[in-house]
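To find a chain, count down the sequence lines: A is the first, B the second, and so on, and within it residues start at 1.
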2 protein chains.
Amino acid sequence: MSSNAYSCEQVKHLCALFKLLAEPNRLNILCNLGMECRPVSDIVAATGLSQTNVSFHLRALREAGLVRPERRGAFIYYCLSDSKLLSLLDDMWNWVEQRQMDGTLTDE
Amino acid sequence: MSSNAYSCEQVKHLCALFKLLAEPNRLNILCNLGMECRPVSDIVAATGLSQTNVSFHLRALREAGLVRPERRGAFIYYCLSDSKLLSLLDDMWNWVEQRQMDGTLTDE
DNA sequence: AACACATATGAGTAGTAACGCATATAGTTG
DNA sequence: CAACTATATGCGTTACTACTCATATGTGTT
């Protein structure tokens with residue numbers, strides 16, 4: 001187990017990923033995307049965000065390689081690059097949920 | 001699998017966690033901490049950060065329940081609240097590493 | 001009690017990131 | 001080609017956050 005032996009560079013890479021996931025709208029886009037490819041307009045409708053804002057977040061996710069654009073006619077469909085991300089998010093969420101029930105967060 | 005069915009509140013909770021992990025110095029502190037409890041002065045020495053800054057980050061981690069302070073004489077030792085976090089970070093890291101090797105990130 | 005050490009905290013600052021507006025680009029249809 | 005739709009992007013603003021400095025609080029020692 002290499003848990004306590006991360007290099008400085010490793011930490012930065014991980015942080016870059018966490019920074020992307022740390023924005024509610026962005027995380028919401030990822031979760032809403034799920035396994036399916038969806039056009040931007042769908043995401044706009046699903047999230048209620050402005051088109052500009054959705055494009056702004058999609059750009060960040062795209063540049064990090066988390067999502068992949070796919071042109072289909074006039075539409076651009078966005079897809080998760082790797083569905084494993086969903087299970088990682090699930091693991092994280094389960095942990096958070098467990099901690100909540102254990103009352104670990106309630107000391108504040 | 002509930003991956004694509006997160007509620008708004010769930011997303012916010014997860015984001016709060018990711019926001020904490022998205023800061024390199026903070027993530028570094030967590031990783032340096034590992035399984036052991038260490039006094040603030042140790043963390044200051046290990047990270048090279050100012051004492052004020054370390055306290056600033058420890059406070060954030062403490063208020064989120066990720067670390068737990070433990071007074072021992074004049075020192076305050078900080079410990080990871082749940083070592084499972086380390087394995088989650090490990091999972092994340094392994095995924096990031098894998099993606100790098102697959103070249104998923106190199107399209108930018 | 002006075003002092004030294006370990007840590008926390010309040011205030012101010014600087015850098016960054018999310019967002020909206022206006023506009024550009026690319027595709028489709030007439 | 002003109003009009004329309006879908007998406008991207010440059011710019012300016014605002015809000016947040018990491019950080020530093022100065023200082024407070026708490027603990028052990030003499």
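Across all strands, Ser50(A) comes closer than 4.0 Å only to sugar-phosphate atoms, never to a base (heavy-atom distances). As judged by a 4.0 angstrom heavy-atom cut-off over every strand, Pro69(A) is placed among residues making no nucleic acid contact. Within 4.0 Å of Ser55(A), counting heavy atoms only, lies at least one base atom of the nucleic acid. Nucleic acid contact for Ser41(A): sugar-phosphate only, since backbone atoms but no base atoms lie under 4.0 Å from a heavy atom of the residue.
Counting to the nearest Å, the P atom of dA18(C) and the CG atom of Leu58(A) are 13 Å from each other. Between Phe75(B) atom CZ and dA4(C) atom P there is a gap of 17 Å when expressed in whole angstrom units. When the C1' atom of dT5(D) is taken as reference, atom OH of Tyr77(A) falls 14 Å away, rounded to whole Å. Distance Arg59(B) CZ to dA6(C) P: 22 Å, rounded to the nearest Å. Rounded to whole angstrom, the span from the CG atom of Leu61(B) across to the P atom of dT7(C) amounts to 16 Å. Whole-Å rounding puts the Leu49(B) CG to dC21(D) P distance at 13 Å. Nucleotide dT9(D) holds its C1' atom 11 Å from the CD atom of Glu63(A), rounded to whole Å.
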Could you pull out all donor-acceptor pairs under 3.5 Å where a side-chain atom in residues 64-72 of chain B meets a protein atom, sequence neighbours excluded?
{"residue": "Arg68(B)", "atom": "NH1", "partner": "Glu70(B)", "partner atom": "OE1", "Å": "3.1"}
{"residue": "Glu70(B)", "atom": "OE2", "partner": "Arg72(B)", "partner atom": "NE", "Å": "3.4"}
{"residue": "Glu70(B)", "atom": "OE2", "partner": "Arg72(B)", "partner atom": "NH2", "Å": "3.1"}
{"residue": "Arg71(B)", "atom": "NE", "partner": "Gly73(B)", "partner atom": "O", "Å": "3.3"}

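With rounding to the nearest 0.5 Å, the separation of CG in Leu89(A) from CE in Met92(B) is 6.0 Å. Atom NE2 of His57(A) and atom CD1 of Ile29(A) lie 6.0 Å apart (nearest 0.5 Å). The distance from atom CG of Leu27(B) to atom NZ of Lys12(A), rounded to the nearest 0.5 Å, is 12.5 Å.
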Would you check, one step at a time, whether the test side chain to side chain contact (heavy atoms under 4.5 Å, CB included) holds for Thr47(B) with Asn25(B)? CA-CA 8 Å; Thr47(B) 58; Asn25(B) 292 328; over 6 Å; no
Review item, nucleotides 16-18 of chain D N/O atoms under 3.5 Å of protein N/O:
{"residue": "dA18(D)", "atom": "OP1", "partner": "Arg26(B)", "partner atom": "NH2", "Å": "3.0"}
{"residue": "dA18(D)", "atom": "OP2", "partner": "Arg26(B)", "partner atom": "NH1", "Å": "3.1"}

Give me the distances for all protein-to-nucleotides 25-30 of chain C N/O pairs that come in under 3.5 Å?
{"residue": "dG27(C)", "atom": "O3'", "partner": "Gly73(A)", "partner atom": "O", "Å": "3.4"}

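Every residue meeting the disulfide (SG to SG under 2.5 Å) condition with Cys37(A), not counting sequence neighbours, appears here in chain and number order: Cys79(A).
Annotation: side chain of Trp93(A) is in contact with side chain of His13(B) (closest heavy-atom distance under 4.5 Å).
Donor-acceptor pairing under 3.5 Å, judged by distance alone, is present between the side chain of Gln51(A) and the base of dA8(D).
Pairs engaging residues 15-55 of chain A under the ring-ring contact (aromatic ring centres under 6.0 Å, His included) rule: Phe18(A)-Phe18(B) [sequence neighbours left out]. Here salt bridge (Lys or Arg N to Asp or Glu O under 4.0 Å) pairs that include residues 37-58 of chain A, with residues two or more places apart or in two chains, are Arg38(A)-Asp42(A).
Dashed line: the shortest gap from a side-chain N or O of Tyr78(B) to OP1 or OP2 of dA6(C) is not under 4.0 Å.
Looking at the side chain of Arg62(B), the nearest of the listed nucleotides dT9(D), dT7(D), dA8(C) is dA8(C).
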